[in-house]
Amino acid sequence: MTGRQTRSTIGMLAPATGLIAIFVLVPMVLTIGLSFTQWSTQTGFETASFVGLANFADLLGPTSIGRDFRAAFGNTAIYTALSVALILPLSVMLGLLVHQTFASGGILLRTVLFSSYMVPMIAVALVWSKLYSPTEGPINQMLGWVGVPPQTWLSSPRTALVSIVILNVWQQVGYFTVLAVAGLTQIPRSLYEAALVDGASAWMQFWRITLPLLRNTLLFSAVIAVINAVQVFEPVALITQGGPVNSTNVMTYHIRRVGIERAQGGLGSAMAVTLMLSLIVVIVLLFTLLRDRGEQR
Amino acid sequence: MKACKGWHLATIGALMATSVGTQAAEISFLTHWGPDTVALLDAAIDKYEAANAGDTITVRAVPFGDLLTTLRTSGGGAGGATIAGIYDAWLPDLVRDSLVSAAPEAVASDTTANWPTGVVSAASVGGSLYGIPNEIDVYALNYNKRLFEEAGIAEAPKTWDEFLAAAEKLTDASKGQQGFGLINSWAAGVLHPFASLLVSNGGDLIVDGKPVLDSQAAKETFELYEKLVTSGFSDPAMATADANTTGPFLDNFVSGKTGMIIMANWWESALKAGMGDAFADIATAPIPVGPSGDTARSISYSWMTVVNAQAAPEEQEAAWKFLSWLNGPDSGENGASAMGDILMSMGILPSRTSDVAAFGDRLSSDPFLLGYTETLSDAKPFPVVLGGQEFSESLQQTLEALQFGQVTAADAQANAQADATEILERNAK
C-alpha cells in the first residue's frame with residue numbers, strides 16, 4: 001500500500017473511528033479510570049480522589065455496599081441465564097412453525113410474534129403489572145378457572161424475578177424467532193430430501209441437519225440475548241424498583257441507584273467495570289464453546 | 001396577618017429592587033405532581049406572568065420515582081430545571097454537591113418569620129436556608145369503617161394491643177382480606193409507617209447523627225412487624241407498590257381487602273380517585289401508641305422548592321422572586337398562598353403559618369385530615385442527614401426481609417443498626 005493509499009484509507013476511516021473513539025472508547029476509559037476514585041457525580045472530574053482498589057474491595061466486602069452489589073449481580077446472572085435458556089429454544093420452535101409449509105398461517109404467526117417486540121416497554125410494563133396483580137389480575141383469574149391457586153408473581157421475592165423474565169421472553173421472542181427463520185431459510189432443502197431418501201425421521205432431521213446448521217444463527221442469537229438481558233432496566237424501573245427485598249434489583253438499576261441517586265460515581269463506575277468484564281468473559285466463553293463444538297464436528 | 005403581609009411585600013420589594021436593570025428570564029419548575037396539580041400550578045404561573053411581563057415559567061413533571069434521578073442528572077448543569085420541588089431528606093446531599101443555591105437574605109428572613117421553626121430547620125443546612133418550605137406530611141392510621149363495623153370493632157385502636165386485636169378481627173383469609181396493610185418496593189412507603197410506629201412507641205431513628213435502632217422501642221417495633229406477618233394479620237404479597245406509588249397495596253385498600261393501613265395525608269386524592277363514593281367509608285386516626293410510648297406520634301417530613309445553583313444569576317433571581325410570590329399571602333384566595341391552594345387540592349397540609357390560618361376551618365372540619373392535624377404538634381421530623389437516601393433504602397430492605405420472613409425481628413434489628421451505623425459514618429466523612 002502506497003503512502004497515498006494509506007492516507008486515503010485513514011481519511012475514509014477517520015470519521016467513523018473518530019466518532020466511536022469519542023462516544024464509546026473515551027467514556028469506557030473514563031469509567032475505568034473513575035472506578036479507582038472517590039467521586040461525586042455532581043462535581044467535576046477534578047474533584048475525584050484516587051483510592052486505588054478500595055471501591056472493588058467494597059464490592060467484595062461485608063457491608064451493605066458489597067451485599068447489595070452481589071445480590072444485584074446474582075439477580076442479573078439468574079435473569080440472563082433464564083432469559084437465554086427460554087428464548088433460544090422457543091425461538092427455534094416458533095421459527096420452525098413459521099417456516100413450515102404444511103399448514104398456512106406462517107406469515108401471520110411471524111407478524112403476531114414480532115409485534116410484541118415493537119410495543120414500547122412503558123406500555124408492556126403498564127399492562128403486565130396489571131396482568132400480574134395477585135388479587136385482581138387476569139392471569140390469576142384464568143388460573144383460578146382451571147383450579148390453580150393464585151400466584152404471587154411480582155409481589156413475592158420468590159417469584160418476582162421469574163415474572164420479569166417471563167415478561168422479557170414474551171417481548172423478545174418474536175425478534176429471535178425472525179432471526180431463527182432467517183437461519184432456517186439458509187439451510188439447503190436438498191439436505192432434507194436426501195435425509196428423507198435415507199429414511200431419517202423428522203426428529204432425526206432436526207437433530208442432524210437443522211440444529212447443526214443453525215449453529216451460527218444460535219451463536220449470534222445467544223450473544224444478543226445475553227447482552228440484552230444484562231442490560232435489562234426498564235421493567236425493573238417501571239414496575240418493581242428492585243423489590244421486593246431486592247429480588248429484582250439488577251445491575252443496571254443498582255448502578256443507577258448508586259451512581260446517580262446517591263451520586264457515588266467512583267463506586268458506580270467500579271460496578272460498571274465489573275459488569276463489563278463479566279460480560280466480556282461470558283461472550284468469550286460462548287464463542288469458545290460453540291466454535292469448539294463446530295470444529296469437533 | 002397584616003404583619004405577615006408586610007414582611008412579604010418587603011421581600012418582593014427587596015427582590016425587585018435587586019432586579020432593576022436585569023432582563024426578563026425563562027425559568028423552569030421541576031415537580032413530581034400529577035397532571036391535575038400541574039394544571040393548578042400552570043394557572044398560578046399564568047397569573048404571575050400576567051403581572052410580570054417578560055418572565056416565562058415552564059413546568060416539567062416527572063413521576064416521584066424519577067424525581068431525584070432527574071435532579072441529579074440534569075440539575076447540575078445550566079440546562080437543568082431552575083426550580084425543583086424536593087424532599088427535605090435529600091437537601092444535605094444536594095447542598096454538599098453545590099446543586100442548590102442558598103436563599104437570598106430577604107427570602108430567608110421572610111421564611112424564618114412566616115414558617116414554624118422546625119420546618120425552617122429542615123430546609124436549612126449549616127445555618128443557611130436553601131429552600132422555601134411548602135408541604136408538611138404526617139402519618140395516620142387509615143381504616144375502613146365498613147369493615148370495622150362488620151368485624152364488630154367500635155372505634156379506631158389507640159394502643160398497639162387494641163391495634164393487634166383489631167387486625168385479628170379484620171383478617172379473613174377466606175375473603176382474601178387482611179387486617180393491616182404493609183407496603184413494600186417503595187422506600188418511603190416502607191420506611192415511614194415503620195418510623196411512625198417507632199416514634200409512637202417513644203423511639204427514634206437517628207439521634208445526633210447516630211442511628212438508635214438498637215433501642216427497646218425499636219425492638220418492640222420490629223417485633224410488632226414480625227407478629228403482624230407471622231399471625232397472618234398482614235400479607236406482604238398484598239403490599240407491593242410500583243414506581244408511581246400505587247399498585248396492589250393501594251388497590252387492596254381501595255377494594256376493601258385491607259382493613260387498616262398507615263399512610264400520609266397526601267394520598268387522600270388517590271383514595272378519592274380510586275374509591276369514588278366508597279371514600280366515605282374511610283376514616284383516619286392517630287398512630288396507635290406502643291408499650292414504651294406516652295402519646296400518639298407520627299414521623300413528619302416536609303417538601304420545599306429550591307433553586308438550581310448552576311442557573312444564570314438572572315434566572316436564580318427570577319426564580320426566587322416567583323417562589324416568594326407563589327408562597328406568599330397575595331397569590332392565593334383569602335390570604336392563602338397559591339401554593340397553599342395547590343397543596344390543599346391534594347389534601348396536603350401547608351406549612352406556612354398564614355396558610356394554616358387561612359385554611360383553618362377546612363383543616364378542622366375535614367374528617368379525613370383530622371387524624372393528621374391532631375398529631376401534627378407531636379410529630380417528630382424525619383432525620384435530615386448526609387446519606388439519608390442510602391439509610392432509607394437500607395432500612396427498607398431490612399424491613400422487607402422481615403415482612404417476607406427472611407429474617408427474625410432480632411436479626412432485622414441488629415442488621416438495621418449495623419448497616420445504618422456504617423452508612424452514616426461513611427457519608428459523614
Side-chain angles (χ1 to χ4, degrees), chain A residues 38-44 47 58 61-68 71 122 125-126 129-130 132-137 140 150-160 234-249 253-254 256-265 267, chain B residues 63 65-66 68-73 75-76 90 93-94 96-99 176 184-187 190 235-244 246-249 251-252 255 257 310 387 389-391 393-394 396-407 415 418-420 422-423 426-427 429:
Chain A
Q38 185 176 8
W39 171 63
S40 166
T41 46
Q42 300 307 311
T43 56
T47 61
D58 282 341
T63 65
S64 59
I65 296 174
R67 281 204 314 274
D68 292 347
I122 181 72
L126 199 66
S129 64
K130 289 296 173 193
Y132 275 142
S133 177
T135 49
E136 293 158 356
N140 271 355
Q151 302 300 305
T152 50
W153 302 118
L154 298 165
S155 299
S156 164
R158 285 183 299 105
T159 52
E234 295 100 325
V236 173
L238 293 168
I239 307 176
T240 63
Q241 299 176 87
V245 207
N246 255 351
S247 60
T248 59
N249 190 29
Y253 189 74
H254 191 59
R256 175 248 206 188
R257 180 180 275 171
V258 171
I260 297 175
E261 283 187 9
R262 298 179 192 163
Q264 296 167 350
L267 202 54
Chain B
D66 294 335
L68 182 57
T69 308
T70 306
L71 203 60
R72 286 281 191 196
T73 50
W90 300 340
D93 295 79
L94 298 177
R96 180 197 59 195
D97 294 337
S98 304
L99 280 182
N184 57 57
S185 301
W186 165 29
V190 177
D235 180 0
M238 297 171 74
T240 315
D242 62 24
N244 287 320
T246 57
F249 89 93
D251 298 342
N252 286 313
S255 60
K257 289 190 169 148
Q310 308 300 318
Q389 179 72 8
E390 190 176 351
F391 165 79
E393 288 166 357
S394 172
Q396 173 204 358
Q397 284 169 33
T398 305
L399 290 170
E400 289 188 359
L402 179 60
Q403 285 183 21
F404 285 98
Q406 293 180 353
V407 291
N415 294 347
D419 288 346
E422 187 274 324
I423 288 167
R426 173 161 44 82
N427 279 278
K429 282 177 188 170

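Here is how names work: the chains are called A, B, and so on, in the same order as the sequence lines, proteins then strands, and each is numbered from 1.
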Residue part contacting chain A, namely of B:Ser98, when any heavy atom lies under 4.5 Å = neither
ask   = Between atom OG1 of B:Thr240 and atom CD1 of A:Ile239, what is the distance when rounded to the nearest 0.5 Å?
value = 11.5 Å
request  = Give, as side chain, backbone, both or neither, the part of B:Asn427 having an atom under 4.5 angstrom from any heavy atom of chain A.
outcome  = side chain
query = So which of B:Leu68, B:Leu402, B:Leu399 has the biggest tally of heavy-atom pairs under 4.5 Å with chain A?
reply = B:Leu68
Reported OG1-to-CG distance for the pair A:Thr43 and B:Leu99, which is rounded to 0.5 angstrom = 9.5 Å
inquiry  = I need the residue from A:Ser133, A:Ser129, A:Pro157 with the largest number of non-hydrogen atom pairs under 4.5 Å to chain B.
reply    = A:Pro157
task = Over all heavy atoms of both residues, which pair between A:Asn246 and B:Glu400 is shortest? Give the atoms and the distance, please.
result = N-OE1, 4.3 Å
ask   = Distance-only, no hydrogens or angles: does the A:Gln241 side chain make a donor-acceptor pair with backbone N or O of B:Ser185 under 3.5 Å?
value = yes
key: Which portion of B:Pro248 sits near chain A, non-hydrogen atoms under 4.5 angstrom   = side chain
task = Using a cut-off of 6.0 Å, state whether more than 12 heavy atoms not belonging to A:Gln151 lie near its atom CD.
result = yes
key: Non-hydrogen atoms of B:Arg72 and A:Glu261 that approach each other most closely   = NE-O, 3.3 Å
A:Thr152 versus chain B, the contacting section by heavy-atom distance below 4.5 Å = side chain
request  = Report the option among A:Ala263, A:Ser155, A:Ser247, A:Gly243 that has the most heavy-atom pairs separated by less than 4.5 Å from atoms of chain B.
outcome  = A:Ser155
message = Under 4.5 Å from any heavy atom of chain A, what part of B:Gln389 do you find: side chain, backbone, both or neither?
response = side chain
message = Given heavy-atom pairs under 4.5 angstrom as the criterion, report whether the side chain, backbone, both or neither of B:Asn415 touches chain A.
response = neither
query = Where on A:Arg67 is there a heavy atom nearer than 4.5 Å to chain B: the side chain, the backbone, both, or neither?
reply = side chain
Part of B:Glu422 within contact of chain A (heavy atom distance under 4.5 Å) = side chain
inquiry  = Using heavy-atom distances under 4.5 Å, tell me whether A:Asp68 contacts chain B through its side chain, its backbone, both, or neither.
reply    = side chain
inquiry  = Are A:Ile65 and B:Arg426 packed together at the side-chain level, in the sense that at least one heavy-atom pair is separated by less than 4.5 angstrom?
reply    = yes
inquiry  = Report which part of B:Gln406 has an atom under 4.5 Å of a heavy atom belonging to chain A: side chain, backbone, both, or neither.
reply    = side chain
query = With only heavy atoms counted, which part of B:Ile423 is less than 4.5 Å from chain A, the side chain, the backbone, both or neither?
reply = side chain
query = Which bit of B:Asn184 is near chain A, if near means a heavy-atom gap under 4.5 Å: side chain, backbone, both or neither?
reply = side chain
ask   = Which answer fits B:Gln403, side chain, backbone, both or neither, if we ask what part of it has an atom under 4.5 Å from a heavy atom of chain A?
value = neither
request  = Pick one of side chain, backbone, both or neither for A:Leu154, based on which atoms fall under 4.5 Å of a heavy atom in chain B.
outcome  = backbone
query = If we ignore angles and hydrogens, is there a donor and acceptor under 3.5 Å between the side chains of A:Ser64 and B:Asp419?
reply = no
